[in-house]
Structures are given as C-alpha cells and as structure tokens.
Amino acid sequence: MALSESKIPPDAQHYLVCGSKDCEKNYQFYCNDCHQPMCEQCRDEHQKNKKTKIHEVASYRERKRQIPVEKCKIHPTKEIDLLCEVCRIPICSKCTGTKEHRGHVFTDLEMVFNEKVTLFHKEIAKIQDYLNPTSQDLKTEIARDVTAIKEIMEDIRASMKAEADAVKKVVDAVMSDNIEQVDKTEQSLLQTLNEQGLEIDDYSNYLNSLIKTLYSYLSPSNIQQLSFALKLENLFIRPIPETSKTVPPVFSAGQYSKEDVAKLLGKMTFPITKAKGRKIEFMEKVYLKLKPIREHAYRKHEREKCDVKQTLFQSLSVAKIREWTVLGVENALHISLDKSFRLWVSDSRGSLVRTDLNRNQYLRIRSSGGCEGYHTITTDGELLYTDRDKNVIKRVTKHNEIIEFINTGDWEALSVHYSKINGDIFVGLRKVRKGYVIRYNKTGKEIQNIQIDKKRQKLYDIPHYITENMNGNICVSDYGKEAVVVVDKLGQHRFSYTGQVSGFGPYGISTGVLGHILVCDSVSNTIHLLDQDGQFLSQLFTEEQGIEHPRSVCVDNENNLWVGQLTNTVTVYKFTQ
C-alpha cells in the first residue's frame, strides 16, 4: 500500500505509486498542469498525447506543489487561487473586482506557494546539513570542555592541598626548631640554677662544720685544743656565695594576617586574556565539503597544498647569532634553557653543567644519564633530572639542594619534560624494550599513563627525548621505533613520523611558538622541520651551513634555535626568509 504524500517527510526518497490508472510502477515524474505523479513510461505517453503534450512535466523533486483546494467564503462557487499583494491574503478571481481589492496587484497563488516551498526546502536543508550538525559539534565540544574544566579544577585542588601540606611541613619544621631551642634554653637555665643551689649547699655544710668547731672550743676536752683556741685571734668566716636571679626569655607572638597566609598558599587566578569565541565553520565551507569530490582530485589538492607548504619553508634559512664552547662537557646532547638564558647542558658521559652566555660554570653534577633528554627546567628555575640507576626524578632547588622528587618503581627513567602550559611533568620510561610515558602533576602524583594505541599496539620502545607542543600534543623521539611518536593530550595516537628516506635516527626534539616540531636526525645529520600534524616541511642545517652532527635542539620564547652537537659547542640561530 502506497503512503499518503502528506505523511512523507520532504527530504525522503519517494517511491510512491504512479498516478495513472492501472499502473503500479513507482513514479519519478510529475505533471505540473495535471498535478499527477507518473512513471517514466506514463510520462512518455503523456507527452505524446495531443491534449497533454504541451503540459509541463518535471522530475518529482522539481515539481510544482499543488495548493490546497479551498472555496472562497465570499464567493462559494469560486476556488481561492490568487494572492492580493497589497492585503497579503489569498482570494478568488471574483474578489479582484470587489471594492476592497480594487486597483490592487494580484499574483498566482500557486506560484507564490511553490516559491515558498522551494525556500522552505532550502532552509530545511540548511538546518539539517549545517545548523543542527554544527550545534551538535559545539555541544560535544562543550562537553569536552566540561570534562577538561573538571580535570583542571581537580588539579588545582590537588595543587592547593599540596601547597598547604608544604606550608604545614614548613610550619612543623619551624615549630620543631623553636621547641628545640626552648628545650635547650630551659636546660641551660636550670643547670645554672642547680649549680647555684649546689654552691649554697656547700656553703651550708661549711657553716655547720664551723659551728661544731666553735662549740668544741667552748668546752675543750684537752690541752692541745685549748691552746689552739687561745692562739686564735681573728676568726674569718667565708661570705655567702654570690648568686644571681636568672632572666627568663619572653615569647613574642608572630605578626601575621589571613592575607599573609594566603600569599604563602597561593591562589587561583585567571589569565589576562579574553575568552575566545568557539570556532564555527562557515556554511559555505560546509556545503563545499558536501559536494562530491573525486578521489584523484582530492589527492591532487592535498599534494598541491603540501607542495605550497614545502616551497614556503624550503625558502627559509637560518642565520647564526652566537656560538660558544661549554666547559665541563665533551658534547652537547641535551639543552635546557631558563628565562634568563642560563642553560643546563649534558653530554654522553653523565656530566651535567649549568652555565651562562659568559661561560661561567655555576654547578656541575655527575649523573647517570647519557644520550637522552634527561633534564628539564621548571618555570621557577629549578632543574629536574632523571637518575637511571635509582629510578627516580631528582630536583635541584634554587639553593643547589638536590632532593629525590618522583620514584618510578622498577622502570628506568630515560627522559623528562616540564610543561609550560600547566606545570605537568612528562617522563619517558623503559623496561626490557618496552616503553611508555607517564604524566605527573607538579606535586609528583601520576595522572596519566600512555603506552598503547587504539589497536592495543605499543607506542614506544626507547622514548629517550620528550617535549610538548603548544596544542597539548606529547611529542616523543623514540630511537627504538626510529620515529617521532605524537599523541594528543588525552593520550590518543595522532601520527608517527619516520623520516624522508630509509633510515631515521631521531635524537633531540623541541617545538616552536608556531607549533612546528623540530627533531635531530643522526642519519642525515640534519634537523627535520614538521608542522603540528606531522607533515614534513624542510631540513635545516645541512653541511653547507656549518653544522655537522646536530644532536640537541631547544627553542626559546623568541623562536631562536639553540643547537648542540657532538662537540661541546652550542650555537644559536634565528630564522630568515
């Protein structure tokens, strides 16, 4: 049984039965004059018929809609078929001569109806193809933001609690020192008073002894004792020993306010940036995407876009700004740079030194690291570095105190990176040719474990250099995989870059302010420049540019490149067009 046309949605595929008598085929065409659906065969017969060959036959989707049949209330014998343009109401042909519509302009109601139907179909298509999907995408994005905000706020709570615990520890330490000082002071004062008491006891004993002696002189028992008493002219009695009252200490209560404590604990602030509007793709772009594109044309477009990118970046060159020798290391296999352009440089033999642009060596550490990116600098200027022998991450404070910060269990800690986005710490770990990356918050609590992709395949072998891109992607230089492995901030695998020719030996890795990825290649002895989606853009530092063996790269806030080699030379470059 065929469906009633009123029950069919306007965007449905139409398989209604042909309107010709005794024909049960599905119709595809429509006679706008007869308002009758028809199949292909009936259409041909309809157009051959002398009476109907002048009729307008169109495809069903392009048909003219038949207006509802309704009698005029003023002229019941006439059907409403016109629209008064002045009054904007439907009327019949006889109404045009009445006083209310005299001199007005009239339009065929069916034509107006079809124009509106066409317009409504366009609006329906716009809603279904653009507005509704776009709003659903925004809803999905908002839901992701809700999850992200909850995670961020939970991290803030954890950080606040950690700060409070740290302050409590400091308070407890200070209180313990103060109590210890009170105990020592009390012991000293009591010792002084006890000594004075003993001295008075000795004096009392002396007096008692003297009294006994004098009493013996009063009634002598023998001649010798009497003769001694007669000879005694001046009797000397020792004076009372001098003693002094102790002055007890006074406790002065600390002067602090709630605001002072709040400064110690830190507070939550908002960045000085305005909230950006959510990105909504223009409708024109959406409709362009909806148009069918042949596969070879799409590939040609992508290839041309790639060629434009490569041409642009191949025209880039680098200019040397500064170069100096770092004392205390044999080579520069990893560089960590702070805001004051003081840097830590490590070599392949475990030497880790802090120096500045004037070659002043401030500190040297013997570490267990080698050809890895095993150190990083926090925004507070403290150094974090891995101890592979003890499987711990150590922290060097501003006062050059080295403390154990994170224990990695039975996994060997290879690389470490401090996030400038949120203060998280990424650590590359390895055990028996299996590797993974762990994200810790700034208090050292594990919050993410990245090890396998969606197909349950391992992502890493030897994650020996690690960094983070401006979009939150985690970029790992994996010498075992011979690839740069990139995952998003949720740990989902995005892409792996394996070089341009056979053989790729990734070493130091860094990202720029534009989201570009730079990785040193020990095979071609160049630095590969990629965009944030892993598309190869260019090779930097060929032999003609004076760099023979780049092994480490670091990008500062001004987008300058700091490059370390197999020698103990560090060179700074800037991009030029």
Backbone of Asp556 reached by a side-chain donor or acceptor of Asn560 within 3.5 Å: no
Gap separating the CG atom of Leu190 from the CD atom of Glu195, nearest 0.5 angstrom: 11.5 Å
Evaluation steps, side-chain contact (heavy atoms from CB on, under 4.5 Å), between Phe405 and Ile425: CA-CA 11 Å; Phe405 180 43; Ile425 300 161; 3.5 Å; yes
Asn441 and Thr443: side chain donor to acceptor below 3.5 Å: yes
Side chain Asn331, main chain Asp347, donor-acceptor under 3.5 Å: no
Interatomic distance, Leu383 atom CG to Leu363 atom CG [nearest 0.5 angstrom]: 9.0 Å
Step-by-step side-chain contact (heavy atoms from CB on, under 4.5 Å) determination, Thr498 to Glu482: CA-CA 6 Å; Thr498 56; Glu482 297 184 352; over 6 Å; no
Aromatic centroids of Trp324 and Trp562 separated by under 6.0 Å: yes
Side-chain (Glu330) to main-chain (Ser348) donor-acceptor, under 3.5 angstrom: no
Flag if over 12 foreign heavy atoms under 6.0 Å of CD, Glu242: no
Where Val427 and Ala413 come nearest, the two heavy atoms and their spacing: CG1-CB, 4.3 Å
Donor + acceptor pair across side chains of Tyr385, Ser367 (<3.5 Å): no
Distance-only polar pair, side chains of Arg551 and Ser522, donor-acceptor under 3.5 Å: no
Asn469 side chain to Gly515 backbone, donor-acceptor under 3.5 Å: yes
Check: Thr526 main-chain N/O paired with Asp521 side-chain donor or acceptor under 3.5 Å: no
Flag for Arg366-Ser351: side-chain donor and acceptor within less than 3.5 Å: yes
Electrostatic pair Glu141-Arg144, nearest N-O below 4.0 angstrom: no
Sub-4.5 Å side-chain heavy-atom contact between Leu540 and Leu561: yes
List, one per line, each side-chain donor-acceptor pair under 3.5 Å for residues 445-468, sequence neighbours excluded.
from	atom 1	to	atom 2	distance (Å)
Gln448	OE1	Arg439	NE	2.6
Gln448	OE1	Arg439	NH2	3.2
Gln448	NE2	Lys489	O	3.1
Gln448	NE2	Leu490	O	3.3
Asp453	OD1	Lys455	N	3.0
Asp453	OD1	Arg456	N	3.1
Asp453	OD1	Gln457	N	2.8
Lys458	NZ	Arg433	O	3.1
Lys458	NZ	Asp461	OD1	2.7
His464	ND1	Cys371	O	3.1
His464	NE2	Pro506	O	3.0
Tyr465	OH	Leu333	O	2.7
Glu468	OE1	Ser419	OG	2.5

Spatial distance of atom OG1 (Thr243) from atom CD (Gln196) [nearest 0.5 Å]: 5.0 Å
Polar contact flag, side-chain donor to acceptor under 3.5 angstrom, Ser336-His375: yes
Any donor-acceptor N/O pair, Asp531 side chain to Asp533 backbone, under 3.5 Å: yes
Sidechain-backbone polar pair: Ser346 side chain, Leu352 backbone, donor-acceptor under 3.5 Å: no
Least distance between heavy atoms, Ser552 atom then Ala332 atom: OG-O, 2.9 Å
CG-NE2 distance between Asp424 and His417, expressed to the nearest 0.5 angstrom: 10.0 Å
Axial cation check for Tyr374 ring with Arg388, 6.0 Å and 45° limits: no
Over 12 non-hydrogen atoms of neighbours within 6.0 angstrom of CD1 in Ile240: no
Exam field: side chain Thr408 to backbone Asn391, donor-acceptor pair closer than 3.5 Å: yes
Ile335 versus Val563, closest heavy-atom pair with distance: CD1-C, 4.0 Å
Under 3.5 Å: donor-acceptor pair, side chain of Ser188, backbone of Lys184: no
Distance-minimising heavy-atom pair for Met470 and Leu514: SD-C, 3.4 Å
SB check Glu259 Lys263 (cutoff 4.0 Å): no
Any donor-acceptor pair under 3.5 Å from Arg342 side chain to Gly381 backbone: no
Heavy-atom closest contact (Arg364 atom, Val353 atom, distance): CG-CG1, 3.6 Å
Over 12 foreign heavy atoms within 6.0 Å of CG, Asn557: no
Parallel, tilted or perpendicular: rings of Phe504 and His528 (30°, 60°): tilted
Flag if over 12 foreign heavy atoms under 6.0 Å of NZ, Lys431: yes
Rounded distance [0.5 Å steps], OG in Ser368 versus CD in Glu412: 8.0 Å
Pair Ser204-Asp201, side-chain donor/acceptor within less than 3.5 Å: no
Atom of Cys475, atom of Ile509 and distance for their closest heavy-atom approach: CB-CD1, 3.9 Å
Lys442 and Asp155 ion-paired at < 4.0 Å: no
Separation of Leu327 CG from Asn568 CG (nearest 0.5 Å): 7.5 Å
